[in-house]
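For reference, the structure is listed below as structure tokens.
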Amino acid sequence: MAHNVTTNELAGGPVPAPTAERMSSVDSALDRLWHFLTSMKLALILMLLFAALGLVGTLIIQAPVGVMDDPQAKAQWLAEIRPKFGGWTDLMDRLQFFEMFTSVWLRAVGALLAASLIACTVHRIPGTWRTQRHPRVDVGPAFFEHAPQHEAMTFHREPDEVLAQAQGVMKRHHYKTITEGDGTVHLYAVRNSWAPWAGLVAHFSIVVILAGAMVGSMFGFRDGQFMLAEGSTSAIPKVAGATITLNSFKDTYNTTTGAPLDYVSDVTVTQDGQVAVAQHMLRVNEPLRYKDITFYQAFFGPAAVVTVKDTEGKTLFSEGVALAWTANNGGNKVGSFTIPDRNLTAWIVATTGPNDPDVKPGQIAVELYKSDSGDAIVQKSIDQGVATEIEGLSFTFDREAKFTGLSVASDPGTPLVWLGCFLLVVGFVIRLYVPYRRVWGRLVARPGGGTTLSIAAVGRRDTGFDAEFTSIVTDIRQALTAPAQNQGGI
């Protein structure tokens with residue numbers, strides 16, 4: 001039976017096959033991209049840029065966890081720091097300077113650096129494999145004259161005997177040997193042939209560390225500025241219904257030398273109103289872990305307990321204010337808080353001592369700013385325990401206190417970082433303590449009888465190889481001359 005077969009072409013006619021010019025252009029573009037990614041100069045630039053962005057994130061105050069995701073909380077936090085950075089605040093916010101460790105800049109540089117390291121590693125694999133599995137045995141006569149380590153020896157022995165003795169010496173020095181012959185016998189000896197893979201392991205370890213950092217950046221968080229004044233309670237980031245309270249902070253010192261002995265934050269954790277962790281003594285080397293959150297003791301300092309009331313006596317604010325920053329004059333300790341629904345940000349300035357012309361001992365200065373614009377409104381010093389009216393509000397400096405600064409972190413990428421660090425150490429240990437050494441030999445039969453053995457190696461950066469090469473040469477001489485001397489020959 002005959003069948004009629006019909007074909008339906010796409011509108012506009014059949015799709016043309018890729019032309020040679022188009023394929024050549026694509027190949028050229030991919031080749032340029034590959035050379036770009038495998039450039040050592042690019043990797044170095046990206047490492048320096050990654051370090052520079054990390055330094056920016058370290059030097060510039062970072063927003064607390066979750067603040068940048070809440071427009072209202074973000075506006076309030078920016079209002080608190082606006083007096084410090086002035087007109088630069090909005091620009092720095094747009095450039096993500098206040099969230100550098102989760103910024104698109106750091107992630108983009110990290111991803112490009114990881115891609116470059118992967119490309120460099122992949123680029124080196126075929127060469128490393130060929131060198132290990134199919135090494136070049138015949139290196140040519142000129143190599144034996146110009147190599148950093150080289151020696152030529154002549155023996156009244158047949159080439160087979162010289163080769164057997166040379167291989168025996170190499171074996172005793174833990175070298176594996178390969179031979180080839182084309183009229184001239186070529187010898188290749190290698191020790192720790194697998195050692196070059198350690199360099200690729202070190203490259204790969206950095207990729208693993210970067211991957212761990214990226215996982216932590218995307219799915220975890222770190223707040224290095226989590227501050228609690230004594231008696232204050234704050235919500236624990238990323239854990240609904242959980243709070244942490246600083247009961248007290250104590251720092252002790254050696255009475256003779258003044259050296260610090262201990263920093264202790266006495267904290268209580270509650271979950272949905274119920275005590276979850278009672279009176280944990282948090283120290284530098286004794287962090288607090290609650291669920292997948294870890295609290296580390298990071299820093300501490302003075303605090304001022306301040307109460308703000310409106311004209312009707314309603315309490316608008318009553319907490320300890322951590323005086324965690326230093327004023328632009330380099331002396332006064334300062335802290336800030338916002339007054340809800342008043343578009344006001346209050347900066348609290350502590351005294352520097354009896355010689356402070358503006359803030360006397362027993363006082364604090366209150367500086368009020370517009371939260372939305374950062375414009376200064378008023379500055380006034382108030383005495384401890386005395387309610388003072390400022391801009392229609394009553395401010396009271398209740399007492400001095402201390403605050404603790406905690407580093408709060410949840411990092412699901414930590415296992416990857418530890419794995420990367422382990423691989424990095426393994427790679428460096430192998431490169432430093434397991435030497436990769438190669439020796440080439442060439443045996444030529446002399447017309448009048450006997451054999452010339454030339455051996456050479458390249459060990460410029462291997463400080464211990466000169467002694468080993470000399471030992472190999474000495475052992476070969478002894479192996480081939482001692483028996484001959486017993487027989488009355490050379």
Side-chain angles (χ1 to χ4, degrees), residues 15-56 96 100-140 143 188 190 192-219 413 415-417 419-432 434 436 438 458 460-462:
V15 178
T19 63
E21 292 81 0
R22 187 182 306 170
M23 292 300 295
S24 176
S25 176
V26 172
D27 290 343
S28 177
L30 291 176
D31 187 60
R32 287 195 298 271
L33 176 61
W34 182 252
H35 282 291
F36 173 73
L37 290 176
T38 56
S39 168
M40 292 298 295
K41 185 181 294 184
L42 172 68
L44 179 60
I45 291 173
L46 289 174
M47 287 181 183
L48 292 175
L49 186 57
F50 194 83
L53 292 175
L55 182 62
V56 170
Q96 296 185 305
M100 182 55 68
F101 296 109
T102 57
S103 68
V104 66
W105 308 109
L106 195 71
R107 289 178 178 177
V109 171
L112 189 56
L113 177 57
S116 175
L117 291 171
I118 291 172
C120 288
T121 302
V122 171
H123 183 68
R124 292 181 58 185
I125 288 176
T128 304
W129 176 260
R130 284 194 301 269
T131 299
Q132 182 180 11
R133 304 301 299 176
H134 306 288
R136 183 178 177 182
V137 179
D138 179 6
V139 293
F143 176 75
Y188 172 79
V190 61
N192 303 320
S193 61
W194 51 269
W197 294 101
L200 299 181
V201 170
H203 275 77
F204 180 69
S205 69
I206 300 176
V207 176
V208 175
I209 292 172
L210 285 173
M214 290 298 175
V215 169
S217 173
M218 295 175 65
F219 303 105
L416 282 175
V417 173
L419 174 61
C421 291
F422 172 75
L423 293 175
L424 185 63
V425 171
V426 169
F428 274 113
V429 167
I430 292 174
R431 291 301 297 269
L432 291 173
V434 182
Y436 171 57
R438 296 179 292 171
V458 179
R460 291 189 183 92
R461 291 177 293 180
D462 189 344

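Keep in mind that this is a model prediction, so the values were computed, not measured. Along the sequence shown, residues are numbered consecutively beginning with 1.
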Where do [X] and [Y] come nearest, in terms of heavy atoms and distance?
| X | Y | value |
| --- | --- | --- |
| M214 | A111 | CE-N, 3.6 Å |
| A195 | R431 | O-CD, 4.1 Å |
| L37 | C120 | O-SG, 3.9 Å |
| L200 | R124 | CD2-CB, 3.6 Å |

- Message: F50: which residues meet the ring pair (Phe, Tyr, Trp, His ring centres under 6.0 Å) condition with it, sequence neighbours left out?
- Response: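 Residues passing ring pair (Phe, Tyr, Trp, His ring centres under 6.0 Å) with F50: none at all.
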- Message: Test of understanding: with ring pair (Phe, Tyr, Trp, His ring centres under 6.0 Å), list the residues that count as partners of F143, not counting sequence neighbours.
- Response: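 Ring pair (Phe, Tyr, Trp, His ring centres under 6.0 Å) list for F143, sorted by chain: W440.
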Contacts of [X] that satisfy side-chain hydrogen bond (donor to acceptor under 3.5 Å, both in side chains) - sequence neighbours left out:
| X | value |
| --- | --- |
| Y436 | R438 |
| R107 | S217 |
| R32 | S28 |

For [X], enumerate each residue passing the side chain to side chain contact (heavy atoms under 4.5 Å, CB included) test, keeping only those at least two apart in sequence or located in another chain.
| X | value |
| --- | --- |
| V122 | W34, I118 |
| V425 | V429 |
| A114 | L210 |
| L419 | V208, L423 |

Let me confirm one number: the [atom1]-[atom2] distance from [X] to [Y], rounded to the nearest 0.5 Å.
| X | Y | atom1 | atom2 | answer |
| --- | --- | --- | --- | --- |
| D138 | R136 | CG | CZ | 6.5 Å |
| L42 | L117 | CG | CG | 9.5 Å |
| L55 | L48 | CG | CG | 12.0 Å |
| L106 | Q96 | CG | CD | 10.0 Å |
| L113 | I206 | CG | CD1 | 7.5 Å |
| I430 | W197 | CD1 | CH2 | 13.0 Å |

- Task: Sequence neighbours left out, what pairs pass side-chain hydrogen bond (donor to acceptor under 3.5 Å, both in side chains) with at least one residue falling in residues 39-52?
- Result: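 For residues 39-52, and leaving out neighbouring residues, there are no side-chain hydrogen bond (donor to acceptor under 3.5 Å, both in side chains) pairs at all.
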- Query: Please, which pairs that meet side-chain hydrogen bond (donor to acceptor under 3.5 Å, both in side chains) have at least one residue in residues 198-207, sequence neighbours excluded?
  - Reply: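 Pairs touching residues 198-207 that pass the test: none.
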- Query: Any donor and acceptor pair, going by atom type alone, linking the side chain of S116 with main-chain N or O of L112 inside 3.5 Å?
  - Reply: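 Flag not set: sc S116 to bb L112 has no pair under 3.5 Å.
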